[in-house]
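Structure first, then comments.
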Amino acid sequence: MQQADANQRVPGKVVRMHRFPALSPLLAGLVAVAALAAPATFARDALLPVPPHGVIGVDEAKLTPGYWVSRLETPDAVLLSPAAIAARNALLVQVDDSMHDLAALPATLEGATVREWVEDLSSRPTRTLYDVEGREVPAATIDVLMANLALDQVPSAQPQRFGLVVERAPLRTFPTDLRVFSRPGETDIDRFQESALFPGTPVAFLHDSSDGKWSFVMAPRYAAWIPRAAVAEGSREQVLGYGAREPYRIITGAEEHTVDTREAPQVSALQLDMGVRVPLAGGPLDEPVNGQHPYTAWIVDLPVFGPDDRLAFQPALLPKVADTAPGYLPLTRANVIGQAFKFLGERYGWGHSYDGRDCSGFVSEVYRSMGVQLPRNTSDQAVSPVFARRSFGEGDGREARLAAARALEVGDLVYIPGHVMMVVGHVDGQPYVIHDTNGGSYVGADGELVRMGLNGVVVTPLLPMAFNETETYVDRMTAIVSPQRGATE
């Protein structure tokens, strides 16, 4: 997940931010001298053309996946076999603390452990927050949220319970729909939004809110509050066995939907995002499903609430024209590029808001369509021990960082504080990336910081991108991660 930065985000049209007001001739001369001492990367990379749309170095051709795939020598070479990917996914769960193995949870949960998990996420805010109208959220409202955690109601021990998510649902810091923001008028980054879960995701129930409307759950990649109406409780076998059922379809489009049907509202027009795995339902293929002949669709089996409000399964139709596959796509550079470009232009969605995704969600879902699991957030992805990784610190100088940037390979992930980008190729020595960003700036040849207000999935060159007025993204790189290679390769 990207951490919003006031230096990286200006909504709306392109604006030009001047670092200096009108200066006297003497001061202007001093500024000119200072500009000569500024990072050389800015001046050199500002020579890239700026088209009328204002995004430096990007013409229409670069906005097509074919442009980048055609530049590869072996675009369809398989980088990791399905068996190797499965083995590395299993290792990820074992060695990465941000991942959760639900099958390994004890049959009985200790109350102290549950309280620790909840308090680790849902600690009382210490900074001022604002609502959608720009009004300060009063302390009394925060008091209500803290009370709704119901930590005094956590039993000393409780049996473990499991469920399946039945619809795309938010994961929240607190058991509330209240949207809060860091500054008045900035309503894109909801500070209580953590992530989202998709239909069919298994969870372990850990705790319930005082009002009974929310549950604190542990999913394979996150633990947070989810609306209780979005998760159907079932047996351990039902829940953990759902994701292993065969045959199945993988959603390979950015998002697809089941057929709209009044006969089965729980599975009607259900959003299924890239990488979601849905098992096929058994039964005859020549009988109506939810009032419609199924021969033009896949009959998938989806989790729903049964008559007793417990987990049941309902057949639904997923059109055959939808972008799906009978298994995970091969991990190739052509597929990495093709899958990433299916999100091009989607609005940035902090914590998967706006039915979209953020920077780490974007790269996760691209790789998940090829079977590769990544941790949820950038901070965990950048240090995960199972992938080939190069980390950068204060001792790494500009030339070493530039050399690493120019050696990037397609599919590599580039991390700066709070953000991740995916490499799609090089043009004339310039590495280019596709990323889901809520900002985007560069310093022009005149020394002015130009904020592009991108706020979506975009293609940009890497080198000109400005972290602030004096540092580039490359200056602030924390890591380069190669999900197509393991740590021992």
Side-chain angles (χ1 to χ4, degrees), residues 100 102 109 111 113-125 129-133 135 137-155 158-181 187 190-235 238-239 265-268 270-271 302-312 314 349-355:
H100 308 297
L102 302 189
L109 291 177
T113 301
V114 171
R115 282 191 295 273
E116 181 180 349
W117 279 331
V118 176
E119 290 173 336
D120 186 55
L121 178 74
S122 307
S123 58
R124 187 182 184 95
L129 297 171
Y130 301 87
D131 65 17
V132 293
E133 303 299 331
R135 298 169 301 207
V137 177
T141 298
I142 303 299
D143 291 341
V144 172
L145 297 182
M146 298 303 295
N148 202 27
L149 298 179
L151 291 177
D152 59 343
Q153 298 176 29
V154 176
Q158 60 183 343
Q160 183 59 72
R161 299 151 49 217
F162 294 93
L164 283 178
V165 177
V166 300
E167 61 186 17
R168 194 186 205 270
L171 285 176
R172 305 285 289 169
T173 312
F174 291 94
T176 180
D177 288 319
L178 175 67
R179 301 177 71 229
V180 300
F181 311 94
T187 56
D190 177 1
R191 293 300 178 180
F192 285 173
Q193 179 75 10
E194 295 287 334
S195 189
L197 295 182
F198 302 147
T201 303
V203 301
F205 288 102
L206 303 182
H207 184 49
D208 295 316
S209 62
S210 181
D211 62 12
K213 297 179 179 180
W214 297 82
S215 290
F216 192 89
V217 298
M218 176 180 287
R221 300 194 306 155
Y222 220 85
W225 294 94
I226 193 170
R228 186 64 184 83
V231 188
E233 184 176 349
S235 69
Q238 281 180 308
V239 171
Q266 289 193 73
V267 295
S268 177
L270 195 69
Q271 180 173 327
L302 295 174
V304 296
F305 284 94
D308 57 356
D309 282 337
R310 288 186 59 82
L311 177 64
Q314 171 76 44
W350 169 266
H352 280 69
S353 55
Y354 299 115
D355 277 336

Inset, instruction - List for me each residue that meets side-chain hydrogen bond (donor to acceptor under 3.5 Å, both in side chains) alongside E167, sequence neighbours excluded, and say none if there are none. - result: none
Legend entry - Residues that F174 engages under ring pair (Phe, Tyr, Trp, His ring centres under 6.0 Å), provided they are two or more places apart: F192
Legend entry - Inter-residue atom distance L178.CG - L145.CG, 0.5 Å rounding: 6.5 Å
Legend entry - Residues which pass side-chain hydrogen bond (donor to acceptor under 3.5 Å, both in side chains) with T201, listed by chain and number, not counting sequence neighbours: none
Please tabulate, for the side chains in residues 116-123, all donor-acceptor contacts under 3.5 angstrom to protein atoms that are two or more places apart in sequence or on a different chain.
residue, atom, partner, partner atom, Å
S122, OG, T173, O, 2.6
S122, OG, W225, NE1, 3.0

Inset, instruction - Output yes when a side-chain donor or acceptor of Q266 lies under 3.5 Å from a complementary backbone atom of S268, and no otherwise. - result: no
Inset, instruction - With rounding to the nearest 0.5 Å, note down the distance linking NZ in K213 to OG in S215. - result: 13.5 Å
Legend entry - Polar side-chain atom of R168 near backbone of A196 as donor-acceptor pair, under 3.5 Å: no
Legend entry - Partners meeting side-chain contact (heavy atoms from CB on, under 4.5 Å) with Q314 (sequence neighbours left out): A264, V267, N290, V304
Inset, instruction - Answer yes or no: is there a donor N or O on one side and an acceptor on the other, between the side chain of D131 and the main chain of R135, under 3.5 Å? - result: yes
Inset, instruction - Indicate yes or no: does R115 engage D152 in a salt bridge with an N to O separation below 4.0 Å. - result: no
Legend entry - Polar side-chain atom of D211 near backbone of N148 as donor-acceptor pair, under 3.5 Å: no
Inset, instruction - In sequence, state the C-alpha distance, the side-chain angles, and the governing distance for R191 and Y130, and then conclude on side-chain contact (heavy atoms from CB on, under 4.5 Å). - result: CA-CA 10 Å; R191 293 300 178 180; Y130 301 87; over 6 Å; no
Legend entry - Rounded distance (nearest 0.5 Å) linking atom CD1 of I226 with atom CH2 of W214: 8.5 Å
Inset, instruction - Please list, chain by chain and in numerical order, all residues satisfying side-chain contact (heavy atoms from CB on, under 4.5 Å) with Q160, sequence neighbours excluded. - result: L105, L109, F162, A204, L206
Inset, instruction - Look at the side chain of R179 and the backbone N and O of Q193, then say whether any donor-acceptor pair between them is shorter than 3.5 Å. - result: no
